[in-house]
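Below: one structure, written as C-alpha cells.
Keep in mind the model is a prediction, meaning the values are calculated, not measured.
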Amino acid sequence: MRQSAPRFPDGATSRAVLIGCSDFADTDLPAIPAVQPNLADLRSALTDQAHGILPPEHCRVLADPADHRGVGMALAQATHEAEDLLLVYYAGHGLLDEDGLLHLALSSTDPGHVGFTGVPVDLVKRHLGRARARLRVLVLDCCFSGRAVAAMAESGSLLSAQLDLSGTFTLTSTTATAPSHAPPGRRHTAFTAALLDALNQPEPLTLDGIHQHIDTVLQGAGLPRPQRRSVNAAGDLALARGPVQPHAGPPTGSEPEIRFRRQPPDPPAHRARDTVMYVLMLGVLAAMGVLFEGWFATLIAAAGTALFLGLVLLLVLLRRDLRHDLVVDGDGLGTQHRTNSAHVPWRDVECVGVLRRSPGTVMIPNVLIVRLKSDAPRPTGFHRRLNQRLPDRRYVVVGILGTYGVDPVHLRSAIEHFAGGVYRTDQELLEMDPRLR
C-alpha cells in the first residue's frame with residue numbers, strides 16, 4: 001500500500017525522552033545488554049546531522065534509572081517544552097502487577113512488589129495526556145518474563161487497552177520470552193533493530209510505514225508481531241528525513257574528537273587594545289624623559305624600556321598559558337594544558353555529569369565531574385584543589401566549564417555521542433549521592 005507523503009516535525013519545538021534499563025539489582029530480572037546500544041543508536045538516528053528530526057539537546061537519554069523521580073522529572077520537562085512532537089521510548093522489562101496493570105521496570109525494581117518499585121504505564125500516559133504537543137508518540141520495547149508472560153497470555157489485548165490515549169500513536173513489542181525479543185549476542189533487541197532499520201530506509205517512512213516495516217521484519221523472523229494503536233493521531237509523521245546511519249558502537253580512538261577551547265577575543269579588537277596599551281606605555285616613558293635631565297633621565301629611560309619589554313613578554317606568556325582544552329573522544333574524557341594533561345577512559349567511568357556548583361563551595365559554577373567504577377584506578381593530573389573537596393575517591397573533578405568556554409548542552413551532546421547514556425544531570429547526581437551538595 002502506498003503511504004501518504006510524510007510530515008516532518010519541527011525540531012525546535014519537539015522533544016524526545018529515551019529510557020532504558022539493561023542491568024537490574026534483582027536476580028529474577030535478567031540483564032538485557034542490548035538496551036544500552038538501543039539508546040545510543042536510536043538517539044544517534046533521531047539527532048543525525050544530515051537526516052535526523054531533533055537537535056541533540058532535545059533528545060534526552062535516561063540509562064538505567066533507579067527511581068521514579070528522575071523519570072518523572074524528565075517526562076514532566078519534556079511534556080512542558082514539547083509543542084509539535086513528544087516522543088517517549090522505553091526498552092527493558094515490562095512487568096504486570098497482580099491486577100494485570102503494566103509497569104516499566106527500573107534498575108531497582110523488585111518483581112515481587114512491582115506496584116511500588118516499577119513505573120506504572122498510567123504515569124507515562126498522564127504525562128502524555130498533559131502534553132500540549134500536537135502529536136505524542138509512545139514506543140515500548142518491553143521484554144516479559146516469568147509471571148508477566150503468563151498474565152499477558154491470559155489477556156492478549158491488555159497492553160493495548162491500557163495505552164488508549166487521544167492524540168497518541170503507540171508502537172509496542174509483545175513477546176513471550178526475553179530471548180525471542182532480545183536475541184543473545186545481537187547488538188539490539190529485535191524490535192528496536194527493526195525500528196532502526198526502518199529509519200535507515202532510502203525514503204522516509206511515516207509512522208504507519210514504520211509499523212509496517214517492523215511488522216514485516218519481525219514476522220519474517222518468526223517473532224511476535226508488533227502492535228500499533230493510533231488514537232486521533234496522524235500516522236503520516238516521519239521520524240527521519242532520509243537514511244540515517246546509527247553508530248555501530250562506542251567510537252574508538254581513531255574517530256574524530258570533539259575539542260572545547262575558550263575562544264580568544266576578536267582579533268581586530270584584540271590588536272586595538274594592545275596598541276592603545278603600548279602607546280600609553282611609550283607616552284609614560286616620553287613624559288619621564290621630559291621631566292628628568294642628564295644621566296638621571298638616561299637611567300629612567302633605560303629602566304622604563306626594560307619594564308616595557310618585560311610587560312610585553314609577560315603578556316605573550318600569559319596568553320600561551322591560558323590555552324586550555326577539554327577533549328571528548330572515543331577513548332574517554334581529558335584535559336590538555338600547556339604544561340600538563342589528564343585523561344580518564346570511558347571503560348573506568350560509571351557516569352559523568354555537570355554539577356551546578358562545586359561541592360563545598362558557593363562560588364564555582366558548572367563543574368564537570370566523573371564517578372568512577374568501583375574497581376577503576378584513580379586518574380591523576382586533574383584539578384587538585386577541587387578534588388580535595390569530593391566525598392570519596394570514586395569522584396573526579398575534570399574541570400570548570402568556564403575555563404574551556406564550554407556550553408553544558410554541547411558538552412552533554414558530545415559525551416552522549418561518544419559514550420552513550422553515561423551522562424547524568426545535576427539533579428540526578430545529587431539524588432545518587434547527596435554528599436555532592
Side-chain angles (χ1 to χ4, degrees), residues 56 61 63-64 250-264 317-437:
V61 175
D64 289 320
T252 63
S254 62
E255 294 185 79
E257 64 185 14
I258 298 179
R259 184 177 294 264
F260 298 94
R261 176 186 300 167
R262 179 183 290 278
Q263 296 298 317
L317 292 177
L318 284 176
R319 284 177 187 162
R320 183 181 300 175
D321 286 341
L322 289 175
R323 174 173 287 186
H324 300 322
D325 290 0
L326 176 64
V327 183
V328 185
D329 59 24
D331 288 333
L333 185 67
T335 58
Q336 294 180 2
H337 299 174
R338 188 181 68 87
T339 56
N340 71 293
S341 61
H343 181 265
V344 56
W346 295 126
R347 65 176 179 271
D348 293 341
V349 174
E350 179 180 299
C351 64
V352 59
V354 175
L355 288 173
R356 292 177 184 171
R357 65 177 180 85
S358 181
T361 73
V362 295
M363 300 296 293
I364 305 177
N366 290 337
V367 175
L368 180 61
I369 188 171
V370 166
R371 179 182 170 97
L372 300 171
K373 295 179 179 177
S374 57
D375 58 345
R378 184 175 176 82
T380 59
F382 288 113
H383 207 296
R384 180 179 302 177
R385 180 172 61 84
L386 292 181
N387 276 291
Q388 292 174 347
R389 301 176 180 271
L390 296 176
D392 60 53
R393 294 180 60 81
R394 288 189 63 184
Y395 293 101
V396 177
V397 170
V398 176
I400 304 168
L401 298 196
T403 303
Y404 307 95
V406 181
D407 174 55
V409 173
H410 293 161
L411 176 61
R412 176 176 180 171
S413 298
I415 292 172
E416 291 178 341
H417 171 76
F418 285 108
V422 302
Y423 190 90
R424 299 291 183 271
T425 64
D426 175 86
Q427 184 63 40
E428 290 168 337
L429 287 171
L430 295 179
E431 290 173 354
M432 180 185 303
D433 192 341
R435 297 177 300 168
L436 293 173
R437 296 183 184 277

M432 vs R371, test: side chain to side chain contact (heavy atoms under 4.5 Å, CB included). Steps then yes/no. CA-CA 10 Å; M432 180 185 303; R371 179 182 170 97; 3.5 Å; yes
Would you check if L355 and L430 make a side-chain contact, meaning some heavy-atom pair closer than 4.5 Å? yes
Got L333 and L368 here, is their nearest side-chain heavy-atom distance under 4.5 Å? yes
With heavy-atom distances below 4.5 Å as the criterion, would you say the side chains of V398 and V352 are in contact? no
Can you name the side-chain hydrogen bond (donor to acceptor under 3.5 Å, both in side chains) partners of D64, sequence neighbours left out? S22, Q36
I'd like to check V406 versus V354 (side-chain heavy atoms, cut-off strictly below 4.5 Å). Are they in contact? no
How far apart are the closest heavy atoms of R424 and C351, and which atoms are they? CG-CB, 3.7 Å
So, taking the atom named CG in L326 and the one named OG1 in T403, what distance separates them when rounded to the nearest 0.5 Å? 10.0 Å
Which residues satisfy the side-chain hydrogen bond (donor to acceptor under 3.5 Å, both in side chains) test with T425, sequence neighbours excluded? E428
Sequence neighbours excluded, which residues qualify as salt bridge (Lys or Arg N to Asp or Glu O under 4.0 Å) partners of D348? none
Salt bridge (Lys or Arg N to Asp or Glu O under 4.0 Å) partners for D375, two or more places apart: none
Would a distance-only check, ignoring hydrogens and angles, find a side-chain to backbone donor-acceptor pair under 3.5 Å from D325 to V327? no
dist L436:CG -> R357:CZ (nearest 0.5 Å) comes out at 10.5 Å
Shortest non-hydrogen pair, I400 vs P365, comes out as CG2-O, 3.7 Å
Side chain W346, main chain D329, donor-acceptor under 3.5 Å: yes
Sorted by chain and residue number, the side-chain contact (heavy atoms from CB on, under 4.5 Å) partners of R356 (sequence neighbours excluded) come out as D426
Whether the side chain of R378 engages the backbone of Y395 through a donor-acceptor N/O pair (distance < 3.5 Å, no angle test) should be reported. yes
L372 side chain reached by V344 side chain, heavy atoms, under 4.5 Å: yes
Sequence neighbours excluded, which residues qualify as side-chain hydrogen bond (donor to acceptor under 3.5 Å, both in side chains) partners of R394? E350
Answer yes or no: is there a side-chain heavy-atom contact under 4.5 Å between T335 and Y404? yes
Within the 4.5 Å heavy-atom criterion, are F382 and V370 side-chain neighbours or not? no
